[in-house]
Amino acid sequence: MICAILLSYLNTVQRYPLNITSDWTQNFSDLSVIQQSWLLDSGSLTAKLKNQYVNFAVEVLSEKEIKLNSEQASVLGVTPEKALCREVILYGDSVARVYAQSWIPTRFLNEDAHLLNLGNKPLGEYIFKHAELRRHNIEVTQFGCDSELMGLLTRFGFNEQSIWSRRSVFSLHGVKLMVSETFLPGVF
């Protein structure tokens with residue numbers, strides 16, 4: 001009952017950025033083999049989705065400058081500062097497959113102006129074309145019905161269920177960015 005009330009509220013008031021604070025971990029023992037093949041893949045998720053589905057598209061939900069909270073700053077290895085937060089839905093065959101949230105400290109944006117002008121182009125397509133890209137540790141978490149992400153499930157016609165997410169920090173030309181990717185039902 002509480003989950004139904006929460007979902008009803010989230011559907012009427014969807015605010016961005018979505019709060020994806022969680023107990024992120026590098027303990028992968030609860031993951032099935034298929035979940036591991038998606039969540040722990042160190043390659044480009046964009047490329048993997050394009051390979052899996054005939055039609056691929058990006059919908060930008062939000063893109064704004066916000067101050068990092070202390071946990072986000074710690075993961076990025078910076079002091080709390082302003083960052084560009086970009087939230088998108090990645091579609092495969094016209095179905096929402098992944099919700100992605102990226103954080104790029106504003107001071108790094110001066111190093112790479114392309115990151116400011118992605119529009120409906122996927123971030124992964126841009127960063128993975130650089131050989132010097134470095135992905136730091138992958139962490140995973142599972143979100144339940146108390147998560148703000150449940151509003152997205154309802155928006156895209158999915159039933160309420162727990163969903164897996166991964167996050168990691170990337171370094172490119174001195175630019176650090178944190179990317180979280182939440183896998184919507186049906187991807188695995």
Side-chain angles (χ1 to χ4, degrees), residues 3 6-25 31 34-53 55-66 68-69 71-72 75-76 83-104 115 118-128 135 138-170 177-188:
C3 285
L6 179 62
L7 283 175
S8 175
Y9 172 75
L10 290 174
N11 285 335
T12 59
V13 184
Q14 192 76 62
R15 296 183 191 175
Y16 298 104
L18 295 180
N19 180 357
I20 57 171
T21 301
S22 187
D23 294 325
W24 295 91
T25 183
L31 299 176
I34 191 77
Q35 289 168 330
Q36 288 180 29
S37 73
W38 283 90
L39 291 164
L40 305 181
D41 187 342
S42 62
S44 166
L45 179 59
T46 298
K48 189 168 185 158
L49 290 169
K50 284 183 170 186
N51 195 36
Q52 181 85 13
Y53 303 104
N55 297 310
F56 175 84
V58 176
E59 175 189 0
V60 178
L61 300 174
S62 175
E63 195 171 78
K64 55 182 138 181
E65 196 174 296
I66 301 172
L68 294 166
N69 65 34
E71 192 251 351
Q72 294 163 330
V75 171
L76 275 165
L84 177 68
C85 178
R86 175 180 159 94
E87 295 171 283
V88 302
I89 296 292
L90 305 178
Y91 290 89
D93 294 343
S94 302
V95 175
R97 303 294 178 175
V98 174
Y99 161 77
Q101 186 180 94
S102 307
W103 292 85
I104 310 163
L115 295 170
L118 289 171
N120 63 354
K121 295 178 186 141
L123 174 65
E125 191 170 85
Y126 173 71
I127 64 174
F128 274 91
R135 182 194 291 263
I138 294 175
E139 297 176 299
V140 299
T141 195
Q142 191 171 27
F143 291 102
C145 72
D146 58 341
S147 166
E148 287 186 13
L149 291 164
M150 290 303 117
L152 281 180
L153 291 185
T154 304
R155 174 183 168 190
F156 293 110
F158 297 115
N159 293 326
E160 175 186 315
Q161 57 191 281
S162 60
I163 49 179
W164 284 96
S165 187
R166 72 176 183 179
R167 79 171 176 192
S168 43
V169 173
F170 293 91
L177 54 139
M178 180 173 58
V179 177
S180 302
E181 297 153 326
T182 300
F183 295 81
L184 302 177
V187 172
F188 298 144

Stepwise side chain to side chain contact (heavy atoms under 4.5 Å, CB included) check, Leu149 with Ile163: CA-CA 9 Å; Leu149 291 164; Ile163 49 179; 4.0 Å; yes

Check the pair Phe56 / Glu125 against side chain to side chain contact (heavy atoms under 4.5 Å, CB included), numbers first and verdict last. CA-CA 12 Å; Phe56 175 84; Glu125 191 170 85; 5.8 Å; no

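Rounding to the nearest 0.5 angstrom, the gap separating the CG atom in Asn159 from the CG atom in Leu153 is 9.0 Å. Note that CD1 of Ile127 is 7.5 Å distant from OG of Ser102, once rounded to the nearest 0.5 Å. Summarising the geometry, atom CZ belonging to Phe188 is positioned 10.5 Å from atom CD belonging to Gln36; distances are rounded to the nearest 0.5 Å. Interatomic distance, Glu148 CD to Asn19 CG, rounded to the nearest 0.5 Å: 5.0 Å. We find the CH2-CZ distance between Trp24 and Arg166 to be 10.5 Å, quoted to the nearest 0.5 Å. Leu184 contributes atom CG, which lies 9.5 Å from atom OG of Ser165 (distance to the nearest 0.5 angstrom).
Leu76 and Leu177 get closest at one heavy-atom pair: CD2-C, 3.7 Å. Counting all heavy atoms, side chain and backbone alike, Arg135 lies closest to Phe128 at NH2-CZ, 3.6 Å. For the residue pair Val60 and Gly119, the shortest heavy atom distance occurs at CG2-O, 3.2 Å. Between Ser180 and Arg167, the closest heavy-atom pair is OG-CB, 3.3 Å. Taking both residues in full, the closest heavy atoms of Ser44 and Gly124 are given as OG-O, 4.2 Å, listed atom of the first, atom of the second, then distance. Closest heavy-atom contact between Asp23 and Thr141: O-OG1, 3.5 Å.
Although no hydrogens or angles enter the test, the distance criterion places a donor-acceptor pair under 3.5 Å between the side chain of Asp41 and the main chain of Gly43. The backbone N or O of Trp103 lies less than 3.5 Å from no partner atom in the side chain of Gln72, so there is not a single donor-acceptor pair.
A donor-acceptor contact closer than 3.5 angstrom links the side chains of Ser162 and Gln142.
With contacts defined as side-chain heavy-atom distances shorter than 4.5 Å, the pair Lys121/Tyr126 does not qualify. Under the 4.5 Å side-chain criterion, counting only non-hydrogen atoms from C-beta, Leu39 is in contact with Leu31. In this structure, the side chains of Tyr53 and Val95 stay at 4.5 Å or more apart for every pair of heavy atoms. Contact of the Leu152 side chain with the Ile89 side chain is registered, since non-hydrogen atoms from C-beta on lie closer than 4.5 Å. No side-chain heavy atom of Tyr91 sits less than 4.5 Å from a side-chain heavy atom of Asn55. Side-chain contact between Tyr99 and Ile20: present, with at least one pair of heavy atoms (C-beta onward) separated by less than 4.5 Å.
Checked against Val98 for a side-chain contact (heavy atoms from CB on, under 4.5 Å), the options Leu49, Val58, Val88, Thr46 give a single hit: Leu49.
Using a cutoff of 4.0 Å between basic side-chain nitrogens and carboxylate oxygens, Glu181 and Lys48 are not scored as salt-bridged.
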